[in-house]
Structure formats: C-alpha cells, structure tokens
There are 2 protein chains.
Amino acid sequence: MTVTIYDVAREANVSMATVSRVVNGNQNVKPATRKKVLEVIKRLGYRPNAVARGLASKKTTTVGVIIPDISSNVYAELTRGIEDIATMYNYNIILANSDQNEDKELQLFDTMLGKQVDGVVLMSDEVTPALHDAIEASPVPVVLAGSIDESHTIASVNIDYFAAAYEALSHLLKRHNKVAFISGPENYTVNSGYKIPAYQKALQEKNMEINEHYIIKNIVNYDESVQAVNELINSGNAPTAYFAGNDEIALGIVHALYDNNLQVPTDVEVISFEDTKLARMVRPQLTSVVLPLYDIGAVAMRLLTKLINKEDVEELTVVLPHRIEERDSTKG
Amino acid sequence: MTVTIYDVAREANVSMATVSRVVNGNQNVKPATRKKVLEVIKRLGYRPNAVARGLASKKTTTVGVIIPDISSNVYAELTRGIEDIATMYNYNIILANSDQNEDKELQLFDTMLGKQVDGVVLMSDEVTPALHDAIEASPVPVVLAGSIDESHTIASVNIDYFAAAYEALSHLLKRHNKVAFISGPENYTVNSGYKIPAYQKALQEKNMEINEHYIIKNIVNYDESVQAVNELINSGNAPTAYFAGNDEIALGIVHALYDNNLQVPTDVEVISFEDTKLARMVRPQLTSVVLPLYDIGAVAMRLLTKLINKEDVEELTVVLPHRIEERDSTKG
DNA sequence: TAACTGCTTTAAAACGTTTTGTCACTATGC
DNA sequence: GCATAGTGACAAAACGTTTTAAAGCAGTTA
C-alpha cells in the first residue's frame, strides 16, 4: 500500500541501510548510488515514516508546548516565537492548553513524555511543587518561558519583572502620590513575587504610605478592570495614576476613565505592562513596559535545542532586557 | 533504562499481549490478572511509548493543524476551539504556522503526513490548486476551518459570509448612501468571492452606483486601516458609514474618525465583521457581525474525528449560523 | 602477488508496541 | 464420562525505520 524504505531499496538494488543514509544526508554514499536512490524515491513517491524513525532513533523532532490558553494574546505571541525557532531547528510542536490547572499540566506533561517529545517548553503562572517535581524527573529537557520557578533550578527565560515594574512605578510617582496598581491573578508568581513587591518598594522609597485599596488583585479581564476602576472612582478617593498588570487591564482602565469624563493623560496617567499591539490600538496610545513576548518564546526554544543537543549552556536562567515605550497615556 | 511492556509482562508473569490488553482497556482479561498487571505497572512506573504504539497500530492520536499565524487573534481563537475538541476526543495537535505561504503550506502538510497524523485541520485564506490537489491526495482526512475551497469537494466549516456581509451592509444602507468597505486581502477567498460581491449586490439592490473608491482592498492591519480612512476623509468625499473587514480594521476606522473629530455613531456609523473580544474593548463598542470562531474550530475538529473514524457524515460542507451583535457604533 | 587501506555497502538486530492465530482450561449439556 | 463452547492467555509476527558489526571492493604498497 504505502511505499516503504524496503520498496525503495528493492527497486534501486541497494540495501535499506543505503536508502536510509541517502534520506538522512549521510556522506558515506557514492554519488552515483545516491543519484540512483534519489530517483527511485522520487519515482515511487517515498515519504519516510517519522513514527518508525522515531522508534528506531529515539528522537521525534517534536517538542511539547504547554500553555495556559492559546486564545490569549500574550501566550499566542510567545507561542509564535517558540514555533518559529522550532521550525528553524526542524522541530514540530505539540501544543496543548492547560487552563492554568495543575492537574491538566501534570497530565499533559505525562502525555507528551509518552509521545516521546524531545523536550518541552512550559508556560505556567505558577510552578507548583508537584509540577516542579515532575519537571525535575523528566527524561527530556524542559524550559520555562515567561514563567518563574522560584527554586531557580529549572531552565527559564524571563525579563526582570521587579526592575521593570519598579521603573514604571517610579515614572508615575514622579508626579503622583495616589497611584493604583490593577494587578492580575495573585497566584501568578510574577505578580505576587515581583510586581507587588516592586510597588511596595517604590512607594517606600518615596516614604509614602501604602494604601491597600490601591492594590487591586485578581483582575483577569477587561470587564473586571473597568469595574475595578469605577469602584475606585466612586470610592471618593480616586487615584491619579494607574499601573496596569497588562494591556487588557490598561484598556479597561482607560475606558473606565473615559466613561467618567477623566482625560488621559491630563487628569490621570496610565502605564501598562506588556505592550502587545493592543497598546497602540487605543486612544490615547499606551505608555507601556515592553514585555518581549516573541523573544522570550524564541530564546526559550533556542535554549531548549541546546539542552536537547547536550550543548554547553552558560546560564540556565536567562533574563532578557526590557524597556519602557513612552506613548500618550503619560505626560512623559 | 526505561520501563517497557516487556518488563511489566515479566514482573507480572503474563505475556506482553496481556499487558497490552490491560493498558488498552480490552475486556478479555480476568479481573484478577488485570489487577496484578495494574499493580506492576504502577510499581514500575510504566508509561506506554506512544511512538511504538503508533508504529504498531498505525494510529497516532495526533492531528495536524496548519494555520496562517497563531499570533493573530482570529486564528488563536479558532485553534482554541480545535484543541478543546481534540482533547475531548483524546487527540493531540501538532501546530504549525504557514504565514499564508503556499510553499510552506504544502511542505507542512507533507511533514505532518510523514509524522503519520490521523487527520489535518487546515486554515488558509486561499486554497490554491496545488494545495487542493495535495489535500485530495491525502491518505488521511482533512477539514478546512473558516476557509473556502471553491470546488466544494473538501470538508469545511464556515458561516455564510455572503449573507452575513449583505445583512451588515443593508443595515448601513438604510440610513446612508456613502458606505465604504475597508477590506482585508483580496486574495482571501472570503473577501474576493463573498464580501465584495455582497457589497456590490447590496448597493445594486438599492439602485446605487458603486463608487470604486469606497472599496479599499488589501488592508492588513490597524495602521493601514487608520491611513486608509484618513485618505478617504481627505479626499473630500468622505463616506458616512463603514463596513470593516475585521475588528482590527474597525478599530482603525474608529480611531481615525476620532482623530478627525468625527463622532461615532452620530456622524459616522461603523459595522465590523468578526466580533473578537476587541469589539467590546473600544469606545464606542462595535456593532459587529459575529463570526463564531471558537465554534468553527470546534465543529471542524468534531467533523474530523468523524471522518477519521469513518462514521457517516451527512454533509461535508457545514455552514454555521451567524448574527449581528448591535452595540454602540451604529444607531441601531 | 599478497597484504593493507579506506571507502561503500550489506545483513541483521533493535526499537516498543499491537494484533493474529492458536492453545489451554473451565464450565456446560447430554 | 465425553464432546462443545466459550474465556483467557500466549507466542510470534508485524509495523518501518536506524544502527552496528562485518564484509566487499578498488586501489596502493612492498
């Protein structure tokens, strides 16, 4: 039915091993033989069976990608970076959504190992102990992309979230003393371990008291952001500047302010943290910390290829540079 | 090194076949034997090798997903639908970006067949003849998601783009006679074959002349949309209503109007076509044709599972319902 | 001419499963 | 007590490659 390496070998009067060498670009084949085999391959329409190859070679040229939710802008952008580099190094990716659920993460990880992936890129807001253990026990390399492992024993690619948040906050604190932080999920390590501490430190250094009402946690989407800001405004002690956990939150902030007839940046300033293309698709366009999502994905995948090939890697924990893109939601 | 089915068989004093039956839930195993085997599996930490299984059974429980660009909102949402249903039916997905490039599409398709996927979901703005032929020659089922095959010989899931566009346009034509259509790429079959003809028909039925300047083709992003609208306004014969090819274009339209001090919907009305979450993340929120992206992906994957299992399928070309969500960018 | 060298090529084992044909055993019916 | 089903389990082949050890071969060298 389907054409196998055996058929090619027979037609070309060579052994399977020789066909295998030709297919895999091994140099130990006489040019004349190579030509003959190539012709037969073309004539018969032979397509190597990657599954059989995987079984024999113990390599699948496939890596697993576990992601909270591909329909989120952020993770989609990260994934694009991963996939591009994967393609460059001739890997395919098996993609699966975890919905940030530990059980699913563990189960997906196991499934992927069962499928004999050569490595895994993992994105997770929180690397739980069970997940940590599973990764440590993995027979293939694992790299975290845009995710924090607090033990720092697992390879990962991130930016310095603390410094980035601190800079953004300092920017606002130059002109404001009522600065709110509308944050994403509290169990997201980047929030609990870096952004919120950065907020606290930035205020403390200005000898300002921390008003807990100005730290709104667990805002997960646009609507919740709009609502949170409305509540802040109606509280009678409205902030004059906002630091947004991400662009979607920032959009909610800007629109809630607009709905309350507050001008940005004249009346209120806003800085976001992400800089997806959304940041430029609002009026006013958002000043934002640039989270290089594509690069994080790409570097993570590149790192994974090195680990797979057992190449020397200088540092397992890579920190990419960040910067603040000044646009129209701040006074500059 | 790694635990194989053979190790389990030896430890449990049964044959490999029996272990295989237990693992695969085959009923022809005595409960006592099953229990014994299960215990050994647990004790040894046996994890079946899906690659070996794939070779022996000729099934990989993996499907290929070829997508123009995962970092696009639209395709990410479609993919989420695909992946959810894939998971439900115990499939994994191999995801790859084609960048809408025919060569890449063909090559990815070939790679996936080489990896012995059980089926493929394909998204492509244009099913070229070469791609069509490759699909027809495929040894495994292929389903198009949100993509048009003009020969209608390939399984596909879509909405009635013509009717949807026609309805949106009719809506605008009730109050306007200067209606522009800011369209996406012309080589996207949905545009060239359905939306533009719908525009023409809607105008003709009102006995209105078609002003070619009001059909702006090949607008691929927010910035181009902003620019196109600015040019239209500066032309001295500005439209009073816009039909946007998608939400990103619509955002560009709204912001360009805003920049030109035109009020939406008071001065100008806008209808979008897509209704991603972006549509609600603008002021004013967008009236939009609802493109059920998640559902298209989900239904496409469900259809694929049926085809893989050789179940009877009533209709290869499925058309999902659409509707218009009225929000604030039109007068209703 | 015989031994040696270095390059090609081969035959066969290995990879870890599923699946098929067969056999052994138990319970049933007469 | 004997043939008859029906279960449950086994042995071995098959899946389509890669890889390893060994052999073949042509050209050198002494």
Side-chain angles (χ1 to χ4, degrees), chain A residues 1-38 40-41 44-62 90 110-111 113-118 139-140, chain B residues 1-38 40-41 44-62 90 110-111 113-118 139-140:
Chain A
M1 177 69 206
T2 58
V3 182
T4 72
I5 199 173
Y6 176 79
D7 299 321
V8 175
R10 183 168 34 72
E11 286 288 311
N13 281 314
V14 298
S15 71
M16 286 164 25
T18 301
V19 178
S20 176
R21 279 199 205 86
V22 171
V23 168
N24 293 297
N26 186 311
Q27 284 310 305
N28 294 337
V29 181
K30 214 172 9 174
T33 313
R34 175 185 309 279
K35 181 153 175 271
K36 182 173 61 174
V37 171
L38 251 15
V40 175
I41 286 177
L44 300 184
Y46 169 66
R47 174 192 292 136
N49 180 326
V51 171
R53 198 198 294 241
L55 182 60
S57 69
K58 294 173 166 288
K59 284 175 187 159
T60 54
T61 61
T62 302
N90 212 34
D110 196 60
T111 302
L113 294 181
K115 294 219 167 177
Q116 313 300 117
V117 293
D118 294 337
V140 296
Chain B
M1 177 68 206
T2 59
V3 183
T4 72
I5 199 172
Y6 176 80
D7 300 319
V8 176
R10 182 168 35 72
E11 286 288 310
N13 280 314
V14 298
S15 71
M16 287 165 25
T18 302
V19 178
S20 175
R21 281 198 205 88
V22 170
V23 169
N24 293 296
N26 186 311
Q27 282 311 303
N28 293 337
V29 182
K30 220 180 348 183
T33 313
R34 176 186 308 279
K35 183 155 173 272
K36 184 173 60 175
V37 171
L38 250 17
V40 175
I41 286 178
L44 265 41
Y46 168 65
R47 174 192 291 136
N49 180 326
V51 171
R53 197 198 293 241
L55 182 59
S57 69
K58 296 174 164 287
K59 283 173 188 159
T60 54
T61 62
T62 302
N90 212 33
D110 196 60
T111 303
L113 293 181
K115 294 219 167 176
Q116 312 301 116
V117 293
D118 294 337
V140 295

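Keep in mind it's a predicted model, so treat the numbers as computed, not measured. Atom set for the values below is all heavy atoms of this structure, side chains included, hydrogens, waters and symmetry mates excluded. Proteins get letters first, then strands, A, B, ... in listed order; numbering begins at 1 in each.
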Under 4.0 Å between any heavy atoms, over every strand shown, what does [X] touch: base, sugar-phosphate, or nothing? Just pick one.
X      : value
V51(B) : nothing
V14(B) : sugar-phosphate
T18(B) : sugar-phosphate
S20(A) : base

Whole Å only: how far is the [atom1] atom of [X] from the [atom2] atom of [N]?
X      : N       : atom1 : atom2 : result
N49(A) : dC15(C) : CG    : C1'   : 13 Å
L44(A) : dG16(D) : CG    : C1'   : 15 Å
N28(A) : dT10(C) : CG    : P     : 13 Å
N26(A) : dT9(C)  : CG    : P     : 11 Å
M16(B) : dT20(C) : CE    : C1'   : 13 Å
Y6(B)  : dA14(C) : OH    : P     : 12 Å
L55(A) : dA14(D) : CG    : P     : 17 Å
K58(B) : dC15(D) : NZ    : P     : 7 Å

### Query
Taking for each residue the nucleotide of DNA chain D bearing the nearest heavy atom, is the 5' side occupied by N24(A) or by A17(B)?
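Taking each residue's closest nucleotide, the earlier one in sequence belongs to A17(B).
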### D118(B) side chain reached by V140(B) side chain, heavy atoms, under 4.5 Å
no
### Message
Between M16(A) and T4(A), is there a side-chain heavy-atom distance shorter than 4.5 Å?
### Response
no
In terms of side-chain heavy atoms of [X], which of [options] is nearest?
X      : options                   : result
R21(B) : dC15(D), dA9(D), dT8(C)   : dA9(D)
I5(B)  : dT17(D), dT17(C), dT9(C)  : dT17(C)
S15(B) : dT17(C), dA11(D), dA11(C) : dA11(D)

### Message
When you measure from the side chain of S57(A) to the backbone of R53(A), do you find a donor-acceptor pair of N or O atoms at a distance under 3.5 Å?
### Response
yes
